[in-house]
Amino acid sequence: MLLADLGADIVRIEPPGERPFLDPEADPVLRGRRRVVLDLKGPEGRDTVLELCEYADVLLEGYRPGVTERLGVGPEDCRARNPRLIYGRITGWGQDGPLAPRAGHDINYIALTGALHAIGPGGGEPPVPPLSLVGDFGGGSMLLAVGVLAALLEARTSGRGQVVDAAMIDGASLLLQTVWSMRGQGLWDDQPASNLLDGGAPFYTTYTCADGRFVAVGAIEPQFYAQLLAGLGIDPTELGPQLDTDSWPETKARFAQVFRTRTRAEWTAAFDGTDACVTPVLSFAEVTGHPHVAARETVVETSIGPQVTPAPQFSRTGTDPLPVPAPVASVGEVLEDWTEVVRETTPDPRSRPAPGGG
């Protein structure tokens, strides 16, 4: 989806008889691409993939290590047909290491990075899975897309493709570097909900309002913290210093008491126009109705339901959501289109100029 949003012509290869969790013709995650059905376990499917690779700039695969090699469409097989091909591989554990052949999901990958341990209420309560944002999407597919784009850029100079090994455990760890830096300087405790960014700080956490709804507070900087106290009607001299961790429990209790005196809507109105960094915690049902989300068209309503618009936004090229994939296309149609694109530059696809993002 990310690469399609950025202008790539994406073709998704599906196995025959696949029963996906979501309807592929109504899933915006699959927007902006064509779908073809190929049986990679047979010679015809394998040969078709290799033929597609002659014209493609990038191949992405998410099997366990060694599977595409056994199918005859591994990196060496594909790059023998197109030396400029970028071969992107995404797994949880990576292409090597003791856990490489093992199954897993986002929760397992981030469990070994420290991220899962740090997310939760603390006090002996179990960690809370952060959806699948940290491993699957942030540390996995997002960094795979970055790696693919970097490899495409490098190929313009070298004329050679390469393998991009995107492991979710590696990517999730990379996202944690700030925490590792703070820990290395003695500014991060392994006890969850006791640190600056994990809900331990009274000025960086959530609070319950009178109506049972919640607000998020992120007043880290002193000038923002001062506006938070002013909005709450609390005299700073009544509290310990902002960064005094020993006084955090008492300060948090005081904040919680005050926040419970008004509804979420009342607190939203009270802090409107300030830099106190106080926002309502919205449910998914409320998101599209928020004025800022609506103004930027961050999430829009479509005929198949809410759809997040492409990000980041660009000043010159369009950022409208691409169509959700149509019914399955034919491989012949794809090859005809790609052959025409290549023919415009060189008669031999394998000696064409280095890939430029198609």
Side-chain angles (χ1 to χ4, degrees), residues 21-22 29 62 64 90-94 97-144 146 166-209 212-220 243-253 255-256 259-260 264 277-287 308:
F21 179 67
L22 296 173
V29 174
R64 296 196 204 192
I90 184 166
T91 58
W93 305 117
L99 293 176
R102 301 277 74 84
H105 281 293
D106 181 292
I107 192 171
N108 306 116
Y109 312 137
I110 68 172
L112 295 195
T113 68
L116 184 59
H117 170 81
I119 301 173
E125 294 296 315
V128 178
L131 304 182
S132 56
L133 302 178
V134 179
D136 284 353
F137 298 119
S141 58
M142 185 80 70
L143 288 178
L144 172 65
V146 172
M168 297 176 199
I169 188 173
D170 297 346
S173 293
L174 185 67
L175 298 179
L176 287 168
Q177 182 54 62
T178 295
V179 175
W180 280 110
S181 296
M182 295 174 71
R183 191 175 186 277
Q185 297 180 41
L187 300 175
W188 192 274
D189 192 297
D190 267 350
Q191 178 60 40
S194 64
N195 298 284
L196 179 65
L197 302 176
D198 63 359
F203 48 84
Y204 198 88
T205 188
T206 57
Y207 292 96
T208 305
C209 302
R213 297 183 177 183
F214 310 97
V215 291
V217 176
I220 296 178
L243 299 180
D244 176 19
T245 56
D246 290 337
S247 67
W248 280 1
E250 182 180 350
T251 300
K252 183 181 288 188
F255 286 2
F259 272 115
R260 281 190 175 274
R264 189 188 71 177
C277 305
V278 177
T279 54
V281 177
L282 302 181
S283 68
F284 287 118
E286 297 173 300
V287 169
V308 180

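Between Tyr207 and Pro202 the shortest side-chain heavy-atom distance falls below 4.5 Å. Within the 4.5 Å cutoff, no side-chain heavy atoms of Thr113 are placed close to those of Trp180. By the 4.5 Å heavy-atom criterion applied to side chains, Met168 and Leu143 are not counted as neighbours. Between Leu197 and Ile220 the shortest side-chain heavy-atom distance falls below 4.5 Å. Using a 4.5 Å heavy-atom cutoff, the side chains of Asp198 and Trp188 are in contact. Here the side chains of His117 and Pro192 are in contact, with some heavy-atom distance below 4.5 Å. In this structure, Asn195 and Val179 have side chains that are not in contact, with every pair of non-hydrogen atoms separated by 4.5 Å or more. Between Val217 and Phe255 there is no side-chain heavy-atom pair separated by less than 4.5 Å.
Residues Val128 and Pro121 share a closest heavy-atom pair of CG2-CD, 4.1 Å. The shortest non-hydrogen separation linking Ile119 to Ala115 is CG1-O, 3.2 Å. Here the closest heavy-atom approach between residue Gly140 and residue Ala166 is recorded as O-CB, 4.4 Å. Between Val281 and Ala216, the shortest heavy-atom distance links the atoms CG2-N, 3.7 Å. Annotation for Gly139 and Leu175: closest pair N-CD1, 3.7 Å, computed over non-hydrogen atoms. In terms of heavy atoms, Gly94 sits closest to Ala100 at O-CB, 3.5 Å.
Partners of Ser181 by side chain to side chain donor-acceptor pair (under 3.5 Å), not counting sequence neighbours, listed by chain and number: Gln177. The salt bridge (charged side-chain N to carboxylate O under 4.0 Å, His left out) search around Arg183 returns Asp190, not counting sequence neighbours. Take Asp246 and apply the salt bridge (charged side-chain N to carboxylate O under 4.0 Å, His left out) test, not counting sequence neighbours, and it matches no residue.
Rounding to the nearest 0.5 angstrom, the gap separating the CG atom in Leu116 from the CD1 atom in Ile110 is 4.5 Å. Once rounded to the nearest 0.5 Å, the distance linking CZ of Arg213 with CD of Glu286 reads 5.0 Å. The distance from atom CG of Leu112 to atom CG of Leu99, rounded to the nearest 0.5 Å, is 6.5 Å. Note: Leu196 CG to Thr178 OG1 = 11.0 Å, rounded to the nearest 0.5 Å. Here Asp106 contributes atom CG and Leu131 contributes atom CG; the two are 9.0 Å apart, rounded to the nearest 0.5 Å.
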Next on the checklist: Evaluate Arg260 against Thr208 for side chain to side chain contact (heavy atoms under 4.5 Å, CB included), listing each step before the verdict.
Outcome noted: CA-CA 6 Å; Arg260 281 190 175 274; Thr208 305; 3.8 Å; yes
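By the 6.0 Å contact criterion, NE2 on His105 is open, its count of non-hydrogen atoms from other residues, nucleotides or ligands being 12 or less. Heavy atoms of other residues, nucleotides or ligands lying less than 6.0 angstrom from CD of Glu250 number 12 at most. Other residues, nucleotides and ligands place no more than 12 heavy atoms under 6.0 Å from the CE atom of Met142.
Ring geometry, Trp93 versus Tyr109: the interplanar angle exceeds 60°, so the pair is classed perpendicular (tilted spans 30 to 60°).
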